[in-house]
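To keep things clear, I will list the structure first and then write my remarks on it.
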Amino acid sequence: MINGLGVVGWGVGGIEAEACMLGQPISMLLPPVVGFKLFGALKEGCTATDLVLTITQILRKKGVVGKFVEFYGSGLSALSLADRATVANMAPEYGATVGFFPIDEETLFYLRASNRPEELVNLVEVYAKEQGLFRTDDLRDPLFSDSLELDLAQVVPSMAGPKRPQDKVTLPDVPANFQTAFKDQLKKKGALEIGDFSGNMESGAVVIAAITSCTNTSNPSVMMAAGLLAKKAVEKGLTSKPWVKTSLAPGSKVVYDYLTKAGLMPYLEALKFNLVGYGCTTCIGNSGPLPEPVAAAIQKEGLVAVAVLSGNRNFEGRINSLVKANYLASPPLVVAYALAGRVDLDMQSEPLGTGSDGNPVYLRDIWPTTAEIQLAIRSSINAEMFRTSYEDAFEGDASWRGMDVPTGETFEWDPSSTYIKKPPYFENMLDPKAEIQDLSGMRVLAMLGDSVTTDHISPAGNIPADTPAGKYLISQGVSPMDFNSYGARRGNHEVMVRGTLANIRLKNQLAPGTEGGYTSYQPDGEQMFIYDASMKYQANGVPLMILAGKEYGSGSSRDWAAKGVNLLGVKAVIAESFERIHRTNLVGMGVLPLQFLAGDTAQTLKLTGKEQYAVVGVSNALSGKPRAKVVATAKDGSTKEFDVLVRVDTPQEAEYFRNGGILPFVLRQLAAA
């Protein structure tokens, strides 16, 4: 988000962050800088969310992985700092390392409005102008490695889904988008009794409507829009449908304050958008269970249920295990879909419901104007709110201050804990002075397609009882009602490794006809959980690998997407392309990222995933010759050979890999100090 303020910063994986905290540098290739020119202004009725979904689609199509994107042009003057931060924070979704906005008058306005000292604001202004970093509309366009542009007036109300944030769909096309995506699963309905409602729920029913995310819910324009829309809806006599689970999770405490001061919280609460907390909730899979009658109807009839959320990510299996279709939308649209209760509705021509006067109510009847939104912002937000909310942010409440903190210089491991266990990363450490060995005898644990995200790889969300992770917890005396989530148990590697590659929507081509964490054990082909196959392979001394398509590891940084595959015994991943952070995390865990040469894929090379694999020339590749040879040996003894790029991109990364990863390298550095 800081990139919206003119501060260059980018995300790193948790593994890199751990090393950085212990004094290690972060190395990367010098990135190309892509300029994205914005001009014009958003039309009435369009939001920052519509803009960011449009930009995400454009930049994903362009291809900006490993690149910086800098926004410039007169259109920036039409965007608030919060709008810019919303765009900048979607960099992982459009694939860029950075989405950057330069310093200008809007930056200074935001600093003052958010209670920064006047001397700091003056320093920023003087320094930026002296260094030639201060943007104005009359500046000559900068020079970039590449560029593209967008007229803001061309942005229209949009959503993204049902599976990826880059899959933008204009609002009128949402019903057709949903029907096309799930065309073979729509003629289903299930009986539902919940509250005062008794009837049928059909595929396309919105069962989660969540105002959630770190940036959308810190943006006053869209949050005030949601509140104003709720106010108008309540005044018209509309209510949220009884099968919709609603929630409000702002990214900042200030949001609740200004919604309350504007008099809008009572209307959001009337529609059941009650405050559930601050920060990550539904967009990270923490929506909690659906109401039992709703869950039962979905499971009994196989309904395609829908979530509409204002988060950044809607990858498969991320939001809720019972929800197959997930759409990103602006906060006011989230409220609108809670009122409608279904996604296969043309918001521009069909009513959301019937008002208390008996007349149909359309979205256009309750959508707030830009003038109404700006008036609410000006009358309800001030710098004092930021001071009151954050001046004591680092002190904590009484519960935090009253915690019993162990003393001593080392962590006291509790062998009985099912939340935090001593990890095995420092067992059997490699000798960094020894010659790097080629890889041989590898079997494929998973053969995957395009756009496999870190949500497919890393454990996330709830822990089902009938999976390896659930069975492990039960064996430790934990009842299913106390499982909590993978996120809560991320300090227990026994849980996390069992949840790696266990996403309910994962499609492993080695286990055709299945969805979830399954594979076939080679060479006999027996189907089993990926974790169970991994343990069987490792017991027999068989190293493993993964085959994948384009954009492998897109999405959140998710250090467990690399830690988990390392603990599963994976030594290499061959993919058509990697996302930046995940590739770095793989190297950081001693897993070799290999990239098919242009034109090569698992399909063009006719790989089945049932071969045995060897990688020849690893040591030379780490010494400056970036190619290695892969030899795939079929059951009949025939072989295929092809070259790959070894994606260990910098000398520092090569040093990490020689040590078996960042963590062993850092430990050696500390021991030698």
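Values reported hereafter were calculated over all heavy atoms of this structure, with side chains retained and with hydrogens, waters and symmetry mates removed.
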> Is the number of heavy atoms from other residues, nucleotides or ligands within 6.0 Å of NZ (Lys62) greater than 12?
Replying inline: yes

>> When you measure from the side chain of Thr454 to the backbone of Ala561, do you find a donor-acceptor pair of N or O atoms at a distance under 3.5 Å?
In response: no

>> Ring of Tyr362, cation from Arg364 - is the NZ or CZ under 6.0 Å from the centre and inside 45° of the axis?
In response: yes

>> Quick one, Glu105 with Arg135, criterion salt bridge (Lys or Arg N to Asp or Glu O under 4.0 Å). Give me CA distance, side-chain angles, the key distance, then yes/no.
In response: CA-CA 8 Å; Glu105 289 292 343; Arg135 187 202 72 84; over 6 Å; no

>> Using the rule side-chain contact (heavy atoms from CB on, under 4.5 Å), only one of Asp344, Val304, Val343 pairs with Ser203; which is it?
In response: Val304

> Looking at Glu372 and Lys232, does any basic side-chain N land under 4.0 Å from a carboxylate oxygen?
Replying inline: yes

> When you check the side-chain N and O atoms of Asp137 and Ser77, is any donor under 3.5 Å from an acceptor?
Replying inline: yes

>> For the aromatic rings, using the six-membered ring if either is Trp, is the centroid distance between Tyr486 and Trp560 under 6.0 Å?
In response: no

>> If I compare all heavy atoms of Thr54 with all of Val155, which pair ends up nearest, and what's the gap?
In response: OG1-CG1, 4.0 Å

>> Out of the candidates Val156, Thr370, Leu152, only one should pair with Leu42 under the side-chain contact (heavy atoms from CB on, under 4.5 Å) rule; please name it.
In response: Leu152

>> Determine whether Arg342 and Glu350 satisfy the following criterion, salt bridge (Lys or Arg N to Asp or Glu O under 4.0 Å), listing intermediate values before the conclusion.
In response: CA-CA 12 Å; Arg342 43 187 268 254; Glu350 297 182 66; 3.8 Å; yes

>> Listing request: all side chain to side chain donor-acceptor pair (under 3.5 Å) pairs with a residue in residues 249-260, at least two apart in sequence or in separate chains.
In response: Ser252-Tyr390, Asp257-Ser389

> Where do Trp10 and Arg580 land on the side-chain contact (heavy atoms from CB on, under 4.5 Å) test, with the steps shown first?
Replying inline: CA-CA 11 Å; Trp10 58 89; Arg580 174 186 60 88; 3.6 Å; yes

> Is the count of non-hydrogen atoms from other residues, nucleotides or ligands lying under 6.0 Å from Phe109 atom CZ greater than 12?
Replying inline: no

> Shortest non-hydrogen contact from Gly99 to Ala91?
Replying inline: N-CB, 4.0 Å

> Is it true that Asp50 and Lys168 have a side-chain N and a carboxylate O under 4.0 angstrom from each other?
Replying inline: no

> Parallel under 30°, tilted from 30 to 60°, perpendicular over 60°: which one fits the rings of Phe386 and Tyr110?
Replying inline: perpendicular

> Charged N to carboxylate O under 4.0 angstrom, Asp559 versus Arg490?
Replying inline: yes

>> For Asn219 and Thr86, which I'm curious about, is there any donor-acceptor pair between the side chains at under 3.5 Å?
In response: yes

> Can the ring centroids of His582 and Tyr552 be said to lie less than 6.0 angstrom from one another?
Replying inline: yes

> Which atoms form the tightest heavy-atom contact between Pro165 and Phe315, and what is the distance?
Replying inline: CD-CE2, 3.4 Å

>> Which heavy atom of Gly341 sits nearest to which heavy atom of Val244, and what is that distance?
In response: CA-CG2, 4.2 Å

> Would Thr56 and Glu93 count as having a side-chain donor-acceptor pair, cut-off 3.5 Å?
Replying inline: no

>> Walk me through whether Lys236 and Asp357 qualify under salt bridge (Lys or Arg N to Asp or Glu O under 4.0 Å).
In response: CA-CA 8 Å; Lys236 289 280 189 180; Asp357 60 1; 5.7 Å; no

>> What verdict does the side-chain contact (heavy atoms from CB on, under 4.5 Å) test give for Lys324 and Val306, after you've listed the backbone C-alpha separation in whole Å, the side-chain angles of each residue and the deciding distance to 0.1 Å?
In response: CA-CA 6 Å; Lys324 287 187 177 181; Val306 181; over 6 Å; no

>> I need the single residue from Lys163, Glu551, Lys550, His456 that forms a side-chain hydrogen bond (donor to acceptor under 3.5 Å, both in side chains) with Ser451. Which is it?
In response: Glu551

> So, do Asn462 and Ser485 sit near enough that their side-chain heavy atoms are less than 4.5 Å apart?
Replying inline: no

>> Tell me whether Arg558 is salt-bridged to Asp455, with the criterion being a basic N under 4.0 Å from an acidic carboxylate O.
In response: yes

> Do Arg84 and Asp104 meet the salt-bridge criterion of a basic N to acidic O distance under 4.0 Å?
Replying inline: yes

> Has the side chain of Lys67 got a donor or acceptor atom that lies under 3.5 Å from a matching backbone atom of Gly63?
Replying inline: yes

> Checking ring-ring contact (aromatic ring centres under 6.0 Å, His included) against Phe71, which of Phe36, Phe144, Phe39 comes through?
Replying inline: Phe36

> Does the side chain of Ser554 pick up a donor-acceptor pair with the side chain of Glu579 at under 3.5 Å?
Replying inline: no

> Given Val8 and Phe68, is the side-chain contact (heavy atoms from CB on, under 4.5 Å) satisfied, shown in steps?
Replying inline: CA-CA 10 Å; Val8 177; Phe68 284 14; 4.3 Å; yes

>> Given 3.5 Å as the limit, does a donor-acceptor pair link the side chain of Ser287 with the main chain of Thr282, or not?
In response: no

> In terms of side-chain geometry, is the basic nitrogen of Glu316 or Lys507 positioned less than 4.0 Å from the acidic oxygen of its partner?
Replying inline: yes

>> Between Thr281 and Thr212, is the side chain to side chain donor-acceptor pair (under 3.5 Å) condition met? List the steps.
In response: CA-CA 7 Å; Thr281 52; Thr212 177; 3.1 Å; yes

> Looking only at atom types and distance, does a side-chain atom of Asn3 sit under 3.5 Å from a main-chain N or O of Gly9, one as donor and one as acceptor?
Replying inline: yes

> Going through the checks in order, is the side-chain contact (heavy atoms from CB on, under 4.5 Å) test met by Leu186 and Gln179?
Replying inline: CA-CA 7 Å; Leu186 298 183; Gln179 290 158 4; 3.8 Å; yes

>> Distance to the ring centre below 6.0 angstrom and angle to the axis at most 45 degrees; does that hold for Lys37 and Tyr72?
In response: no

